[in-house]
Amino acid sequence: MVQLYDLSPSPKCLRYGSYSTRFGKILIASINEGICFCSLQEEQAEEQLRQEFPKSIFRQEKTDWHQLAIQYLESQSSEQITLPVFVNASSFQLRVWQLLLSIEMGQCATYKEIAERLGVPGASRAVGSAIGKNPVALFIPCHRVVQTGGGLGGFRWGLEHKKRLLAQEALWRHALDNN
DNA sequence: TCAGTGATCCGCG
DNA sequence: CGCGGATCACTGA
């Protein structure tokens, strides 16, 4: 499972690396205590990293936290792995992201449902912007949230990736259910 | 403070 | 469909 921790003040030094996973090529960045960033867009990933942490310096270097994160992604039953993830969040964002962690693979929720579950039924739009700022793609599964009408909604890491991930996860879930 | 901006939703024509 | 109004957290000035 993913454990969320508060990331502040902003970290001095980040280590990052690119990896191939069953979800495609990704970039993961970590601090000493855990991971803090994950992008699906290899071309823009480094620039996104810089934008997310404007005051930090970066070293291209693989770490044990990266390895654990990869294990987490590749394992079928990721419940047995505890992965610390550090985020800078407002209290509202934290509540939203925490809720996303409970959506299982192959499942979907809508922006509206999330808002209702938080007890703020009118806040579906605010939920959308909160989800849009998720700094760790895949680990906080923001791709599993779609529009009420059946539309995809948006995706910070490229709409094509969202479409692909949802299709893949639906297949995997189907395979799992047959066992 | 406050106006503007969203990865929204709903109703209306 | 397309449009406007409702709605709410966040941001920048």
Side-chain angles (χ1 to χ4, degrees), chain A residues 1-11 14 16 18 21-29 31 35-56 69 72-73 78 83 85-173:
Chain A
M1 58 183 297
V2 165
Q3 281 279 1
L4 294 185
Y5 296 97
D6 180 51
L7 174 62
S8 57
S10 87
L14 299 187
Y16 70 96
S18 317
T21 73
R22 60 174 177 160
F23 295 98
K25 278 194 167 183
I26 64 176
L27 177 145
I28 303 179
I31 55 176
I35 75 164
C36 59
F37 185 80
C38 176
S39 170
L40 295 169
Q41 297 175 298
E42 8 173 6
E43 279 131 41
Q44 308 156 57
E46 292 192 25
E47 190 188 332
Q48 290 168 339
L49 188 58
R50 252 171 257 285
Q51 273 194 336
E52 190 81 17
F53 303 100
K55 284 175 282 189
S56 306
Y72 174 85
L73 289 183
S78 45
L83 180 70
V85 173
F86 286 77
V87 291
N88 227 330
S90 69
S91 63
F92 181 76
Q93 285 166 347
L94 198 59
R95 282 182 4 177
V96 173
W97 296 345
Q98 195 72 53
L99 203 43
L100 296 195
L101 293 179
S102 66
I103 308 178
E104 291 178 23
M105 185 177 78
Q107 309 275 73
C108 276
T110 64
Y111 298 102
K112 188 184 175 184
E113 284 167 9
I114 304 281
E116 283 167 352
R117 281 217 255 165
L118 286 175
V120 202
S124 45
R125 193 152 192 184
V127 166
S129 5
I131 295 179
K133 283 168 194 141
N134 168 29
V136 276
L138 302 178
F139 297 98
I140 297 175
C142 59
H143 56 280
R144 298 180 189 147
V145 185
V146 296
Q147 290 178 161
T148 298
L152 264 192
F155 197 49
R156 173 180 180 183
W157 315 102
L159 207 49
E160 291 310 304
H161 286 301
K162 183 172 187 176
K163 208 184 296 181
R164 173 177 61 81
L165 289 172
L166 286 174
Q168 280 185 15
E169 291 195 346
L171 282 181
W172 292 337
R173 158 61 80 149

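It should be emphasised that the depicted structure is a prediction, and the values quoted were computed from it without experimental measurement. Within every chain, numbering begins at 1; the chains are lettered A, B, ... in the order of the sequence lines, protein sequences first and strands thereafter.
- Protein atom CG of Leu94(A) is 15 Å distant from nucleotide atom P of dA9(C), rounded to whole Å.
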One character per nucleotide, please: for nucleotides 7-13 of chain B, 5' to 3', B when the base has a protein heavy atom closer than 4.0 Å, S when only the sugar-phosphate does, - otherwise.
BBSS---
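- Between Phe53(A) and Phe37(A), the ring-plane angle classifies as perpendicular under the 30° and 60° cut-offs.
- For DNA chain C, if you chain together Watson-Crick or G-U pairs that step i with j, i+1 with j-1 and so on, the runs of at least three with distances under 3.5 Å are B:1-6 with C:8-13, B:8-13 with C:1-6.
- With hydrogens and angles ignored, the 3.5 Å screen pairs a side-chain donor or acceptor of Lys162(A) with a backbone N or O of Gly154(A).
- Side-chain N or O atoms of Ser56(A) include one that pairs as donor or acceptor with a backbone N or O of Pro11(A) at under 3.5 Å.
- Paired with Phe86(A) under the rule ring-ring contact (aromatic ring centres under 6.0 Å, His included), one option of Tyr5(A), Trp97(A), Phe139(A) passes, and it is Tyr5(A).
- A ring-centre distance under 6.0 Å is not found for Trp157(A) and Phe23(A).
- What separates CZ of Phe92(A) from C1' of dG6(B) is a distance of 12 Å, to the nearest Å.
- Salt-bridge formation is detected for the pair Glu169(A)/Arg144(A): a Lys NZ or Arg NE/NH1/NH2 atom is positioned less than 4.0 Å from an Asp or Glu carboxylate oxygen.
- Atom CD of Gln107(A) sits in a crowded spot, with more than 12 heavy atoms from other residues, nucleotides or ligands closer than 6.0 Å.
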Worked check of side-chain contact (heavy atoms from CB on, under 4.5 Å) between Leu100(A) and Ile131(A)
CA-CA 9 Å; Leu100(A) 296 195; Ile131(A) 295 179; 4.2 Å; yes
Taking only nitrogen or oxygen atoms into account, show me every contact under 3.5 Å that the protein makes with nucleotides 2-4 of chain B, one pair per line with its distance.
none

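- Contact annotation: the side chain of Cys36(A) never approaches that of Val85(A) to less than 4.5 Å [non-hydrogen atoms, C-beta and beyond].
- Between Glu160(A) and Lys163(A) there is a salt bridge, since at least one side-chain N of the basic residue sits less than 4.0 Å from a carboxylate O of the acidic one.
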